[in-house]
Amino acid sequence: MAVNVGIIGTGWFSGVHGDILSQMDGVAVKAFVGTSQDKAEQAARKYASAAAYANVEQMLDETKPDAVYICVPPFAHGEIEARLVERGIPFLVEKPLGTRLDIPQKIAQAVKRAGLITSAGYHFRYTDAVKRATEVIRDRKAGMALGYWMGDMPQVYWWRKQEGSGGQFMEQTTHIVDLLRCLLGEADEVYAAFAHRAMQDKHEGVTVHDVGTVTLKLKSGAIATISNTCILPEEEQVGLAIYTEQGSLDIKPDKLIVREKGRITEYRNATNPYQRENEAFIHAVRTGDASGILSPYGDAVKTMEITCAALRSAETGKPVEL
């Protein structure tokens, strides 16, 4: 079965997916939708089969895609997903699912009622490092975890606005929250402290916090702390370290480091997680077999519940139960 794909959004991630899709057998990138016709045309120019649109409904009506990729900023989510659910079109959506929890929760309910194939862009789940970590930790008892996303502030206007991105913990560090859920299970309670330290003085119009620490109590009894900052001049480190009775696991974007009884073993990623993510989604669209999708929309909502609870805790100064 040939699969025709429409891509909504013209940023970096739309190109990542477009390039992978265009190299897959039987898959055609048929359309790009941008906030302007010019942006859509610039994105579509790279792909021989792609048309350009400035209107989502027009793209859906004219190209009738078999699947749609949603690669838009956090504040732009909601209406797009609702239209796709109404039309019964499978979609892959980049994280986060929005800046508020109520709309994704409603969409998740509609997706479930429709039995629609969906995928969320938590690509860490598709890495060799996480696959191996899942196997290693199966026979161990995790006591605690330390997550971190330490870097700079992305230079796009919407990211520095709280209403635009939802803040660093929701927009970037959500990957670490999702990784924690994937490997250690769900959380019962969240307590967070966020602050403004440097970015409000350095850049105009910054309303997001630039440092933060979140403590989580997990249902298993384990505890976790995830910290982030965007005050650095460049990205320094991203990952999740898990401490067990047999040693530690340190999951990074490109590898897993396992330490046990004086021995250190590294497992490096050998495959592209974005490739795997796309292959799993397209396979599901073709066959109806969604078993290879590691983060469907409903599961991604659970990750967003934690990031939203962290923001609420930081605002109130009180723990939030999930």
Side-chain angles (χ1 to χ4, degrees), residues 70 72-82 85 91-114 116 118-125 130 142 144-149 159 162-194 208-209 212-228 240 242 290 293-322:
I70 307 170
V72 300
F75 68 87
H77 287 287
E79 193 65 28
I80 296 169
E81 290 87 342
V85 175
F91 63 86
L92 184 151
V93 57
E94 277 302 331
K95 43 48 64 188
L97 306 181
T99 58
R100 292 167 41 197
L101 189 57
D102 55 340
I103 294 174
Q105 286 177 328
K106 289 178 182 177
I107 292 168
Q109 293 170 0
V111 163
K112 186 176 181 179
R113 287 194 299 269
L116 194 64
T118 60
S119 178
Y122 284 108
H123 68 278
F124 275 69
R125 291 190 179 217
V130 171
M144 66 180 296
L146 298 176
Y148 43 94
W149 193 297
W159 201 95
Q162 184 64 35
E163 66 273 18
S165 66
Q168 185 181 18
F169 197 78
M170 187 175 294
E171 206 283 325
Q172 285 183 328
T173 317
T174 180
H175 278 298
I176 307 304
V177 175
D178 189 74
L179 191 53
L180 180 71
R181 287 188 54 245
C182 175
L183 293 171
L184 297 188
E186 305 298 342
D188 275 331
E189 186 174 281
V190 176
Y191 175 73
F194 294 171
V208 296
H209 301 94
T213 293
V214 180
T215 299
L216 304 98
K217 294 180 180 178
L218 305 184
K219 290 182 183 294
S220 66
I223 57 173
T225 298
I226 301 175
S227 297
N228 61 207
L240 178 72
I242 299 172
I293 295 175
L294 303 183
S295 180
Y297 191 92
D299 188 78
V301 169
K302 294 180 181 178
T303 294
M304 191 168 179
E305 287 174 352
I306 293 175
T307 59
C308 287
L311 179 59
R312 192 159 69 251
S313 175
E315 290 172 341
T316 64
K318 299 177 180 179
V320 174
E321 293 186 0
L322 297 166

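Rounded to the nearest 0.5 angstrom, L240 CG and L179 CG are separated by 5.0 Å. Taken from CD1 in I176 to CD1 in I306, the straight-line distance is 13.0 Å, to the nearest 0.5 Å. The OH atom of Y191 lies 8.5 Å from the OG1 atom of T215; values are rounded to the nearest 0.5 Å. From L216, atom CG reaches atom CE of M144 across 11.5 Å, with rounding to the nearest 0.5 Å. Expressed to the nearest 0.5 Å, how far CG of L180 lies from CD1 of I226 amounts to 5.0 Å.
In this structure the side chain of V190 reaches within 4.5 angstrom of the side chain of V214, judged on heavy atoms. No side-chain heavy atom of V208 sits under 4.5 Å from any side-chain heavy atom of Q168. Looking at Q105 and M304, their side chains never come closer than 4.5 Å, going by heavy atoms from C-beta outward. Counting heavy atoms from C-beta outward, H77 and I103 have side chains that stay 4.5 Å or more apart.
Partners of T173 according to the side chain to side chain donor-acceptor pair (under 3.5 Å) rule, which considers only residues two or more places apart in sequence or in another chain, are N228. Scanning for side chain to side chain donor-acceptor pair (under 3.5 Å) contacts around Y148 gives D250, K252, with sequence neighbours left out. Remark: E186 engages R181, K219, K302 in a side-chain contact (heavy atoms from CB on, under 4.5 Å) (not counting sequence neighbours). With sequence neighbours excluded, the residues satisfying side chain to side chain donor-acceptor pair (under 3.5 Å) with E189 are K217. Residues satisfying the side-chain contact (heavy atoms from CB on, under 4.5 Å) criterion with K106, sequence neighbours excluded, are absent altogether. The side chain to side chain donor-acceptor pair (under 3.5 Å) test applied to T174 returns Y122, not counting sequence neighbours. In this structure A110 satisfies the side-chain contact (heavy atoms from CB on, under 4.5 Å) test together with V85, R113, sequence neighbours excluded. Residues that satisfy the side-chain contact (heavy atoms from CB on, under 4.5 Å) test with T213, not counting sequence neighbours, are T225, S227.
Contact record, G164 with P74: O-CB, 3.5 Å, taken as the closest heavy-atom pair. D299 and S295 make their closest contact through OD2-OG, 4.2 Å (heavy atoms, listed as atom of the first residue, atom of the second, distance). Smallest separation of non-hydrogen atoms from L101 and C308: CB-SG, 3.9 Å. Of all heavy-atom pairs spanning A222 and A142, the tightest one is CB-O, 3.7 Å. Scanning all heavy atoms of the two residues, the minimum distance from A108 to G298 falls at CB-CA, 4.4 Å. Taking all atoms of both residues into account, the shortest heavy-atom contact from G185 to L218 is O-CD2, 4.4 Å.
Side chain of S313 to backbone of K318: a donor-acceptor contact under 3.5 angstrom is found. Checking side-chain atoms of S165 against main-chain N and O of W159 turns up a donor-acceptor pair under 3.5 Å.
Within the structure, ring pair (Phe, Tyr, Trp, His ring centres under 6.0 Å) contacts touching residues 302-322 (residues at least two apart or in different chains) do not occur. The side-chain hydrogen bond (donor to acceptor under 3.5 Å, both in side chains) contacts involving residues 93-103 comprise H17-E94, K95-E171, R100-D102, where partners must be two or more places apart or lie in separate chains. Among pairs with a residue in residues 293-322, those fulfilling ring pair (Phe, Tyr, Trp, His ring centres under 6.0 Å) read F91-Y297, at least two apart in sequence or across chains.
Relative orientation of the H175 and H123 rings is perpendicular, given thresholds of 30° and 60° on the angle between their planes.
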